[in-house]
Amino acid sequence: MLDVKYVRDHLDEVAEAMRNRHASFDPEQFAALDVQRREVIAEEEALQAERNRISKQIGALMGQGKKDEAEAAKEQVRQINEKLEAASAARTEADDALQTLLMSVPNLCDASTPIGEDEDDNPEVRRWGTPRDFAAEGFEAQAHWDLGPALNIIDFERGVKLAESRFYVLGGAGARLERALISFMLDQHTARGYKEWWVPAMANAATLTGTGQLPKFEEDLFHTTEGLYLIPTAEVQLTNLHAGEVLDASQLPLHYCAFTPCFREEAGSAGRDTRGIIRVHQFSKVEMVKFATPETGFAELESMVEDAENILQKLELPYRVISLCTGDIGFSSAKTYDVEVWLPSYNAYKEISSCSCCTDFQARRANIKYRDPANFKGTRFAYTLNGSGLAVGRTMAAVIENYQNPDGTITVPEVLVPYMGGKTVIGPEEV
């Protein structure tokens, strides 16, 4: 959430930033609500001061034997209390109205975030690796949605039978490959200084509000009758581990990671990536989250991207890194890099990791602060960062497609062989 005072003092700048993001923001509505809120606060404080002044007089009047004057003063206090009750209710209403407005306003983009309309305006930062030329090898590459079922390691029909469309089942080497990728990713991140966590797959509304999924994106969430939600990413849980806490600057930065199943309604993605395991309702992901100071936040973002790239480099999967423009960046982010892996079935790069610095936007919502007595008094909001390290299903699709052989088998990437029990090739399996 944006700071009220900052928005008030930089209203034109914020309005321009929201236009660049194609976000709905009415500066006149904000100004009116802000003025109304400050007026009721001033009225409430004036009534409190008047009540305190008269209350102090009552004791003195009683001590002087001026009973009638004391009773009159008590009546004044009673009347003020009635007005104060109404003023307090008006303040609560004004606070709620302004809070509701700000809860729907996205973060301000960092100055280094490119201005653009949509994904077509995302500049490429770098590439790594060279996609295979299957034609030069004498065969046509197959898509993972064909290779997987042919090998009996991915079953889309049974996924639909057990649940509905956009669910799938993994069997045999497919299930083992999923587990291998998860373990490999976690081992890589913990070796690079991340603390691993195991967190609930459900979260309450306050937790999802803290990271920005609620209230704006409720339609994308699966929810239960008990008021809980299935998490769309472990970012939700890892970030809120420190909700309502004050960290010490000496602890920062904190580097966390976790594997979780993730659940998304994909309400706004009708017709997109309907084949295969690229865009589904349930998927596995290893997530990275960091807590940092404002001075180190964006440097931590660069290293987080490198941590995501490390996984792809060790798997020897070609990829590229792009910087998201203002028209394509996520709600809570100030700056985002997407890492896109090469998928032969699309003849294109597809997102496999999105790494973001959210500045103090989420920390303000979740009340995550830090203290640094050597440099400032009191507390300040921390910076939060998050990134996929990686989306497991998309990584599996990339491995299947990029490591396929002319006979339809799949070569296991060298770094995954120990995690696959020594298996070097995935061939056809019995149903």
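Every heavy atom of this structure was used, including side-chain atoms; hydrogens, water molecules and symmetry mates were not. Along the sequence shown, residues are numbered consecutively beginning with 1.
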Check your understanding: Got W128 and V321 here, is their nearest side-chain heavy-atom distance under 4.5 Å?
Key -> no
**Study point:** Other residues, nucleotides, ligands: >12 heavy atoms within 6.0 Å of E93 CD
**Key:** no
Exercise for review: Answer whether the closest heavy-atom distance between the side chains of D118 and D328 falls below 4.5 Å.
Suggested key: no
Check your understanding: Looking only at atom types and distance, does a side-chain atom of N152 sit under 3.5 Å from a main-chain N or O of P428, one as donor and one as acceptor?
Key -> no
Point to revise | Main-chain N/O of I41 paired with R91 side-chain donor or acceptor, under 3.5 Å | key: no
Point to revise | Where G389 and I311 come nearest, the two heavy atoms and their spacing | key: O-CG1, 4.2 Å
Check your understanding: Is the shortest side-chain N to carboxylate O distance from E82 to R78 below 4.0 Å?
Key -> yes
Study note, to complete from the structure: Of E287, K285, Q282, the one forming a side chain to side chain contact (heavy atoms under 4.5 Å, CB included) with C262 is K285
Check your understanding: side chain to side chain contact (heavy atoms under 4.5 Å, CB included) between R166 and R279: does it pass, once the steps are laid out?
Key -> CA-CA 7 Å; R166 296 205 178 190; R279 191 178 296 275; 3.7 Å; yes
Exercise for review: Any chance you could measure E119, atom CD, to I322, atom CD1, to the nearest 0.5 Å?
Suggested key: 8.0 Å
Check your understanding: Do the ring planes of Y383 and F298 sit parallel (below 30°), tilted (30 to 60°) or perpendicular (above 60°)?
Key -> perpendicular
Review point. Backbone N or O of Q142 within a donor-acceptor pair of the Q404 side chain at under 3.5 Å?
Key: yes
Review point. More than 12 non-hydrogen atoms from neighbouring residues, nucleotides or ligands closer than 6.0 Å to CG on D12, yes or no?
Key: no
Point to revise | Heavy atoms from other residues, nucleotides or ligands near CD of E164 exceed 12 (cutoff 6.0 Å) | key: yes
Point to revise | Interatomic distance, M304 atom CE to M288 atom CE [nearest 0.5 angstrom] | key: 5.0 Å
Review point. Can you check whether N81's main-chain N or O pairs, donor with acceptor, with R51's side chain at less than 3.5 Å?
Key: no
Review point. Do we see a donor-acceptor contact under 3.5 Å between the side chains of S354 and D338?
Key: yes
Review point. Below 4.5 Å, heavy atoms only, C-beta onward: do L343 and Y349 meet side chain to side chain?
Key: no
Review point. Any luck finding a side-chain donor-acceptor pair between N107 and T359 under 3.5 Å?
Key: yes
Exercise for review: Can you see which heavy atom on C355 is nearest to which on V305, and at what distance?
Suggested key: CB-CG2, 3.8 Å
Point to revise | Criterion side chain to side chain contact (heavy atoms under 4.5 Å, CB included) on H255 and H189, from CA distance to verdict | key: CA-CA 9 Å; H255 295 183; H189 293 315; over 6 Å; no
Revision key, fill the gap. Taking every heavy atom of V341 against every heavy atom of A398, the minimum-distance pair comes out as CG2-CB, 3.8 Å
Point to revise | Exercise: identify the closest heavy-atom pair between C358 and S332 | key: CB-O, 3.3 Å
Practice item. Could you tell me whether the side chains of T207 and Q237 share a donor-acceptor contact shorter than 3.5 Å? Key: no
Point to revise | Distance (rounded to the nearest 0.5 Å) between F291 CZ and Q251 CD | key: 11.0 Å
Review point. How about N402 and P344: do any of their side-chain heavy atoms sit closer than 4.5 Å?
Key: yes
**Study point:** Validation row: C109, I329 side chains within 4.5 angstrom (heavy atoms)
**Key:** yes
Exercise for review: Check side chain to side chain donor-acceptor pair (under 3.5 Å) between Y419 and all other residues, then give those that pass, not counting sequence neighbours.
Suggested key: D187
Point to revise | Stepwise salt bridge (Lys or Arg N to Asp or Glu O under 4.0 Å) check, R176 with E429 | key: CA-CA 13 Å; R176 182 66 182 263; E429 297 192 356; over 6 Å; no
**Study point:** Contacts of D307 that satisfy salt bridge (charged side-chain N to carboxylate O under 4.0 Å, His left out) - sequence neighbours left out
**Key:** R192
Exercise for review: Taking T326 for its side chain and T113 for its backbone only, find out whether a donor-acceptor pair lies under 3.5 Å.
Suggested key: no
Practice item. Verify whether the ring centers belonging to F167 and F263 lie closer than 6.0 Å. Key: no
Check your understanding: Under 6.0 Å from the CD atom of E295, do we count more than 12 heavy atoms belonging to anything else shown?
Key -> yes
Review point. With distance as the sole test, does R365 use its side chain to make a donor-acceptor pair with the main-chain N or O of T209 at under 3.5 Å?
Key: yes
Exercise for review: For the pair S88 (side chain) and E85 (backbone), establish whether a donor and an acceptor sit closer than 3.5 Å, ignoring hydrogens and angles.
Suggested key: no
Review point. In a check of side chain to side chain donor-acceptor pair (under 3.5 Å) between Y256 and each of H242, K290, E235, which one passes?
Key: H242
**Study point:** Note, V14 side chain near P27 side chain (heavy atom, < 4.5 Å)
**Key:** no
Check your understanding: Which distance, rounded to the nearest 0.5 Å, do you find between the CD of E401 and the CG of D146?
Key -> 9.0 Å
Review point. Taking atom OG1 of T395 and atom CD1 of I277, what is their separation to the nearest 0.5 Å?
Key: 9.0 Å
**Study point:** Step-by-step side-chain hydrogen bond (donor to acceptor under 3.5 Å, both in side chains) determination, Y6 to E13
**Key:** CA-CA 10 Å; Y6 183 90; E13 176 187 327; 2.7 Å; yes
Practice item. Decide yes or no for L170 and I154: does some side-chain heavy atom of the first lie under 4.5 Å from some side-chain heavy atom of the second? Key: yes
Revision key, fill the gap. Between the CG atom in N52 and the CG atom in L47, the distance rounded to the nearest 0.5 Å is 11.0 Å
Exercise for review: Considering non-hydrogen atoms only, spot the tightest contact between F331 and S104 and give its length.
Suggested key: CE1-O, 3.6 Å
Point to revise | Among H223, Q213, E218, side chain to side chain donor-acceptor pair (under 3.5 Å) partner for Y229 | key: E218
Exercise for review: Measure from the side-chain N and O atoms of S388 to the backbone N and O of S353, and report whether any donor-acceptor pair falls under 3.5 Å.
Suggested key: no
Practice item. Measure up the F222 and H281 rings against each other and bin them: parallel (under 30°), tilted (30 to 60°), perpendicular (over 60°). Key: perpendicular
Practice item. Using modelled atom types only, decide if a donor and an acceptor are shared between the side chain of T224 and the backbone of E226 within a distance under 3.5 Å. Key: yes
Practice item. Kindly assign one of parallel, tilted or perpendicular to the pair F156 and Y168, based on the angle between their ring planes and the thresholds 30° and 60°. Key: tilted
Practice item. Quickly, which of R394, R320, R127, K350 forms a side chain to side chain donor-acceptor pair (under 3.5 Å) with E340? Name it, please. Key: R320
Exercise for review: Ignoring hydrogens and angles, tell me if any N or O in the side chain of N240 forms a donor-acceptor pair with the backbone of V236 under 3.5 Å.
Suggested key: yes
**Study point:** Heavy-atom check, side chain of Q362 versus side chain of I368, under 4.5 Å
**Key:** no
Check your understanding: Checking side-chain hydrogen bond (donor to acceptor under 3.5 Å, both in side chains) for the pair Y194/Q188: CA distance, chi angles, key distance, verdict?
Key -> CA-CA 9 Å; Y194 286 80; Q188 287 297 309; over 6 Å; no
Exercise for review: Describe, in one word, how the ring planes of F25 and F30 are oriented to each other, choosing from parallel (under 30°), tilted (30 to 60°) and perpendicular (over 60°).
Suggested key: tilted
Exercise for review: Identify whether the distance between the nearest side-chain nitrogen and carboxylate oxygen of E50 and K83 falls below 4.0 Å.
Suggested key: no
Point to revise | Closest contact, heavy atoms only, I278 versus H144 | key: CG1-CE1, 4.0 Å
